[in-house]
Each structure stands twice: as structure tokens, then as C-alpha cells.
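One structure is given here, and the rest of the page talks about it.
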Amino acid sequence: FWNLFPGFQKLPPSGEKVAIVASQQELDAMAQSTEVESVNELVADLKISRWQKNGAQIRGKITAKVTQLCVVTLDPIQLDIEEAVDRKFLSPTSQTRKFSEEIIDGEIVIDPEGEDLPDIMENGKIDIWSVLAEELNLVIDPFPRSDQALPIPPEPLTENQEKDSKKDTHRPFSDLKSLITEKKVKK
């Protein structure tokens with residue numbers, strides 16, 4: 001398996017290209033890791049380069065062919081994935097913290113639209129296999145539905161819910177109407 005890539009210390013200044021074509025054993029392991037029926041193909045074209053002083057960056061593309069089972073009909077669904085990868089890693093001893101987070105009242109606040117925080121390298125190494133599994137898990141539909149699956153009908157209302165829905169609710173313009181009526185009466 002493509003488990004560990006030596007960290008940023010051994011990277012040449014221009015970076016290093018990594019091409020991965022998963023074997024059948026690796027495809028089976030990835031299917032188990034991503035909890036799908038099968039992963040039929042997995043190819044990754046990546047470039048690993050230095051990032052900041054004590055870090056590394058992985059950029060590239062993952063393509064995969066995945067088979068999932070429909071959650072309604074249990075029919076197999078084929079999914080073709082082509083996903084861009086852009087991940088950053090820092091050594092555990094790095095002091096660099098210029099990211100999309102701020103501390104407010106002792107709480108770390110992370111901007112959900114901001115840049116992702118970098119991962120931490122374990123023992124100065126990057127687990128490429130985990131990166132591939134995480135990226136695939138982000139794009140795989142956890143509840144796939146085939147085209148033959150019927151839409152889910154709405155649940156019927158209970159008697160109490162039906163009565164509540166028919167109750168007269170507050171209408172914001174009714175107050176306005178009463179004020180206009182009062183003004184006309186006063187004139």
C-alpha cells in the first residue's frame with residue numbers, strides 16, 4: 001500500500017510527482033475503508049512539494065470508479081469520481097499558525113468558508129493512503145439512490161398535527177388593518 005511518504009525534509013525543491021494505480025488488493029482495502037460495495041479503479045496523479053518552512057503540500061487529481069448499493073432498491077450504482085486534491089501538512093513541532101481561525105473568549109473559531117487547516121505529519125511522514133481515503137469519502141454519497149427508486153412520500157399528518165395546521169395563526173398584516181380601521185373611525 002502507499003502508506004507513508006517521507007516528509008518534507010527529503011523533498012527536492014521542485015517537488016516530487018507521485019503516480020498511484022491501485023492494485024486489486026488496494027482496491028479491496030479502499031472499498032472496505034470507504035464502506036462501499038467495491039472500488040473498481042483508483043488512480044492518483046499527485047505532486048508533493050515543500051510548503052512553508054516545515055510543511056508539505058499535496059496537489060493533484062484522484063479518479064476512481066466506485067460501485068455502491070442503492071439504499072432503497074439495493075441495485076448497484078456506478079459512480080465515476082474525478083476529484084482535485086489540495087492538502088497541506090505541517091510537522092508536529094511547527095509554530096506556524098497563520099490560518100483561518102481566531103480565538104474569541106478562549107474558543108477557537110474556524111471560518112467554514114476559509115482555507116482548511118493543515119494536517120499534522122506523524123513522525124515526519126505523510127500517510128498518502130489516508131489522504132486518498134478521506135478525499136474519496138468526501139465525495140461518495142452516503143445514501144445513494146438509483147433512478148428506479150421511488151421518491152419518499154410525505155408521512156400523513158396525525159389528527160393533532162392536522163388540527164394544529166388548521167388553527168388560526170397570527171397574521172402580521174391583521175394588526176395593520178386594525179390600526180388603519182381605528183384611524184378612519186377617529187377622523
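This one's a predicted model, so the numbers in the text were calculated from it and none came from an experiment.
Remark: Ala22 pairs with Glu26, Leu27, Leu42 by the side chain to side chain contact (heavy atoms under 4.5 Å, CB included) rule, at least two apart or across chains. Residues meeting the side chain to side chain contact (heavy atoms under 4.5 Å, CB included) test with Gln32, sequence neighbours left out: none. Residues passing the side-chain hydrogen bond (donor to acceptor under 3.5 Å, both in side chains) test with Gln24, sequence neighbours excluded: Asp28. Partners of Glu35 by side-chain hydrogen bond (donor to acceptor under 3.5 Å, both in side chains), not counting sequence neighbours: none found. Evaluation of the side chain to side chain contact (heavy atoms under 4.5 Å, CB included) rule for Ile77 yields Cys70, Pro144, Ser146 as partners, not counting sequence neighbours. Residues satisfying the side-chain hydrogen bond (donor to acceptor under 3.5 Å, both in side chains) test with Asp45, not counting sequence neighbours, are none. Residues passing the side chain to side chain contact (heavy atoms under 4.5 Å, CB included) test with Leu69, sequence neighbours excluded: Glu37, Pro76. The salt bridge (Lys or Arg N to Asp or Glu O under 4.0 Å) search around Lys65 returns Asp80, not counting sequence neighbours.
A distance of 8.5 Å separates CD1 in Ile62 from CD1 in Ile20, rounded to the nearest 0.5 Å. Between the CD1 atom of Ile81 and the CD atom of Glu41 there is a distance of 11.0 Å, given to the nearest 0.5 Å. Within the model, atoms CG of Asp86 and CG of Leu46 stand 11.0 Å from one another, a figure rounded to the nearest 0.5 Å. Summarising the geometry, atom CD1 belonging to Ile48 is positioned 4.5 Å from atom CD1 belonging to Ile58; distances are rounded to the nearest 0.5 Å.
Checking side-chain atoms of Ser33 against main-chain N and O of Ala29 turns up no donor-acceptor pair under 3.5 Å. Distance alone, capped at 3.5 Å, is enough to place a donor-acceptor pair between the Lys47 side chain and the Ser14 backbone. For the pair Thr73 (side chain) and Asp75 (backbone), a donor-acceptor distance under 3.5 Å is present.
Counting only residues at least two apart or in different chains, salt bridge (charged side-chain N to carboxylate O under 4.0 Å, His left out) contacts with residues 134-150 comprise Arg87-Glu134, Arg87-Glu135.
Of all the heavy atoms in Leu136 and Ala64, the pair that sits closest is CD2-CB, 4.0 Å. When every heavy atom of Thr67 is checked against every heavy atom of Val36, the shortest pair comes out as O-CB, 3.8 Å. Heavy atoms only, all atoms of each residue included: Phe89 and Trp51 are closest at O-CE3, 4.0 Å. Here the closest non-hydrogen pair linking Leu90 and Pro118 is CD1-CG, 3.6 Å. What you find for Leu132 and Met30 is that their closest heavy atoms are CB-CE, 3.9 Å.
The other residues sharing a hydrophobic cluster with Val72 are Val71, Phe143, where clustering joins ILVMFWY side chains under 4.5 Å apart.
No side-chain donor-acceptor contact under 3.5 Å links Gln57 and Ser49.
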For this session: Dump the intermediate steps for side-chain contact (heavy atoms from CB on, under 4.5 Å) on Asn40 and Val66, then the final yes or no.
Result: CA-CA 6 Å; Asn40 306 314; Val66 175; over 6 Å; no
For this session: Could you walk me through whether Leu79 and Gln68 pass the side-chain contact (heavy atoms from CB on, under 4.5 Å) test, one step at a time?
Result: CA-CA 8 Å; Leu79 178 64; Gln68 294 179 272; 3.7 Å; yes
